[in-house]
Amino acid sequence: MDFESLKPQSRLPAVGTTIFTVMSQLAQQHGAINLSQGFPDYSGPPALMDHYCRHLHAGDNQYAPMAGLVRLREAIADKVAALYDAHYDPEHEITVTAGATQGVYTAITCLTRPGDEVIVLEPCFDSYGPGILLANARIVPVRLDHDYRPDWAALAQAITPRTRLLIINSPHNPTGRNWHREDLDRLAALLRPTPIAVISDEVYEHMSYDGVAHASVAAHPELRARSFVISSFGKTFHVTGWKIAYCCAPRELSTEFRRSHQFITFCVNTPGQHALADFMRDRPDWPAELNAFYQQRRDHFRALFSDCGLHLQPCEGTYFQLADYGHLSDLPDRELARRLTIEGGVAAIPVSAFHSDGEDRKVLRFCFAKREETLAEGARRLRLALQTIV
Ligand code: GLN
């Protein structure tokens, strides 16, 4: 077979390697402090690891049920009920997925037909667009405004009779901005006359700072009725490599979701699901503690990086901090990120990677889910590097 001839048939001809892989590889090659891809450089809680090992050795190593372990789904239902007063039926309305990226992809594919339009709010996480293309649907990008708030007029204009889905994300990656209850009310009013479903990516739900509680779509009955709410254990328990997440949706949406899920993933790692269920049972206070932990880390990061020369933007949630450098340099953000990694020994994500048209507002994204010494060394290197590069 002539494999060259496959090239023009690529389903994603314009898509390169994801920026997270590009930057993490570059950081590794050059021994850079990696503040690019979002993952902690510390381990999850020892008790969670112990639970995992215990289940592994106890022989809990065969397929889990397709929708996820019942005990884990019950633990999720309890958590979501306690936090958001939302009552999802674990039997029919909660599905455990192999990471949130798979959950989002499955939600897109299960609802869209070729030619359907899916609205994304840019900048947005880099898997949404390719997921939409793989479903043969059309990406309709709508820009967030200059403060990265929803542009309601632009969003209203983007809606057509072909619009099938809208993907939202709060706390927001990459900008660290959060939606508030009023935003959800506005969205509900906008969607009321339409049949548009919502995918709400809430993987950073337990990182919402300064006493402002996370506004979950699950807590908004009108929106909840048309939404897939997706969250992740990776972020919450410092185990991004486990790739275990979940999707809560009303019964009809969940039925469609599972129809696809059973043939995309079938089911998810068994000992990991047991360990998470055990840990959630033992430590219901963990999410609140995590929130305080990351708020403190955000403050620490901002204090350390405040005199590096970059302008730090507000950070209301997530473990990401945006920093502007337009006042210092005209270098494209990808170029600056590359040079900072190679010459300066510190890696960040260029935010243009989250825009389908590559718009470059001269902003870098830093991940502060890192140990104190990592952050301190990152700040030291960045300060020096900026002096020579820009
Ligand atoms: N969510 C992580 C980030 O934004 C990366 C996930 C990934 O690498 N696919 O950095």
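When a ligand or atom number is given, it counts from 1 through the structure's own listing order.
- Other cluster members for M66: Y63, F266, joined by side-chain heavy-atom distances under 4.5 Å among Ile, Leu, Val, Met, Phe, Trp and Tyr.
- In this structure, a donor-acceptor pair under 3.5 Å is absent between the side chains of E93 and S254.
- Ring orientation note: the planes of F301 and F366 are tilted relative to one another, at an angle of 30° to 60°.
- A salt bridge is defined here as a Lys NZ or Arg NE, NH1 or NH2 lying under 4.0 Å from an Asp or Glu carboxylate O, and R283 with E289 meets this definition.
- Figure legend: R365 and F320 shown as a cation-pi pair, the cationic atom lying under 6.0 angstrom from the six-membered ring centre and within 45 degrees of its axis.
- For ligand 1, residues of the protein lying within 4.0 angstrom by heavy-atom distance are F20, Q37, G38, F125, N173, Y204, K235, F320, R365.
- Using cut-offs of 30° and 60° for the angle between ring planes, the F257 and F228 rings count as tilted.
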